[in-house]
Amino acid sequence: MDWLSLLKGTAVGGVLLFLWNGLTQSFTPWGIKSIKELEDQATITETIARASTNGVYYLKDKVTAFIAVKPEAYYSMPRYFTIEFVTEVLVGGVLTAILLLTSTESIVTRLIIIGLVALAGIFSIDLQYWNWWGFSSIFTFGIAINRLVGYLLTGFVLIKFIL
């Protein structure tokens with residue numbers, strides 16, 4: 001495997017995925033825009049804060065809810081963006097490695113493989129969150145489309161211009 005191509009593809013792929021996800025989260029009705037805030041947050045926050053400051057909790061009285069609880073200091077936009085960027089670079093590296101390993105195949109075959117990788121993520125992550133954690137259908141559908149299109153666009157750019 002050509003290590004320089006792997007590094008270039010990883011960097012470019014990571015940046016493309018980071019930008020793609022930022023744009024789609026900002027300008028589409030799914031993802032973060034489909035999440036709603038509760039009205040009486042003060043009462044709910046007090047109850048949760050008394051229980052713990054860290055963990056995942058399950059409510060099952062009248063409604064079902066899963067609540068991820070972290071200390072207030074955990075919620076930091078620079079931290080979010082840094083971790084998001086690192087994870088996208090890691091995904092860019094995986095996509096680049098797959099494309100380099102399939103370099104003798106046609107563009108269509110390589111993109112089908114990338115699409116299958118995206119579908120594996122959708123089936124094993126997004127649909128399981130929809131099923132088990134009750135993520136809304138619009139959120140799940142949006143994240144799934146975002147993942148599939150983002151991977152395919154990144155794969156296409158990498159094949160045509162970088163690798």
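What you see below is based on every heavy atom in this structure, not just the backbone, and it leaves out hydrogens, waters and symmetry mates.
Rounded to the nearest 0.5 angstrom, I122 CD1 and I145 CD1 are separated by 6.5 Å. Expressed to the nearest 0.5 Å, how far CG of L99 lies from CZ of F156 amounts to 12.0 Å. One finds the CD1 atom of I98 at 9.0 Å from the OH atom of Y151 (value rounded to the nearest 0.5 Å). Atom CG of N54 sits about 4.0 Å away from atom NZ of K70, to the nearest 0.5 Å. S136 contributes atom OG, which lies 8.0 Å from atom CD1 of I35 (distance to the nearest 0.5 angstrom). Here the straight-line distance linking atom CG of D40 with atom CD of E46 works out to 9.0 Å at 0.5 Å rounding.
In this structure, R147 and D126 approach most closely via the heavy-atom pair NH2-OD1, 2.8 Å. Among all heavy-atom pairs drawn from L100 and R110, the shortest one is N-NH2, 4.3 Å.
Residues T96 and S5 form no side-chain contact, since every pair of their non-hydrogen atoms from C-beta on lies 4.5 Å or further apart. In this structure, V91 and V94 have side chains that are not in contact, with every pair of non-hydrogen atoms separated by 4.5 Å or more. At a threshold of 4.5 Å between non-hydrogen side-chain atoms, the residues Y58 and T64 count as touching. You'll find the side chain of V56 stays beyond 4.5 Å of the side chain of V69, heavy atoms only. Looking at heavy atoms from C-beta onward, W130 lies out of side-chain contact with F141 at the 4.5 angstrom threshold.
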Donor-acceptor pairs under 3.5 Å, side chain of residues 16-27 to any protein atom, not counting sequence neighbours: which ones?
| residue | atom | partner | partner atom | Å |
| --- | --- | --- | --- | --- |
| W20 | NE1 | N146 | O | 3.0 |
| W20 | NE1 | N146 | OD1 | 2.6 |
| N21 | OD1 | N146 | ND2 | 2.5 |
| N21 | ND2 | L17 | O | 3.2 |
| N21 | ND2 | E88 | OE2 | 2.5 |
| T24 | OG1 | W20 | O | 3.1 |
| T24 | OG1 | N21 | O | 3.3 |
| T24 | OG1 | N146 | OD1 | 2.6 |
| T24 | OG1 | N146 | ND2 | 3.4 |
| Q25 | OE1 | I32 | N | 2.8 |
| S26 | OG | G22 | O | 2.8 |

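Within 6.0 Å of the CD atom in Q41, the count of heavy atoms belonging to other residues, nucleotides or ligands exceeds 12.
In summary, the side chains of S106 and T109 do present a donor paired with an acceptor at a separation below 3.5 Å, with no hydrogens or angles considered.
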* From CA spacing to verdict: side chain to side chain contact (heavy atoms under 4.5 Å, CB included), T140, Y129 -> CA-CA 8 Å; T140 303; Y129 286 0; 5.9 Å; no
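Under the 4.5 Å side-chain heavy-atom criterion for ILVMFWY residues, no single connected hydrophobic cluster contains both L153 and L95. Note on I125 and V86: separate hydrophobic clusters, where clusters join Ile, Leu, Val, Met, Phe, Trp and Tyr whose side-chain heavy atoms are under 4.5 Å apart, directly or indirectly. Tracing side-chain contacts under 4.5 Å through hydrophobic residues (I, L, V, M, F, W, Y), one never reaches L38 starting from V63; they form parts of separate clusters. Side-chain heavy atoms closer than 4.5 Å link hydrophobic residues (I, L, V, M, F, W, Y) into clusters, and following such links, possibly through other members, connects F85 to Y74. With hydrophobic clusters built from ILVMFWY side chains whose heavy atoms lie under 4.5 angstrom apart, I138 does not share a cluster with L148.
Taking the ring centroids of W133 and F66, they lie under the 6.0 Å cut-off.
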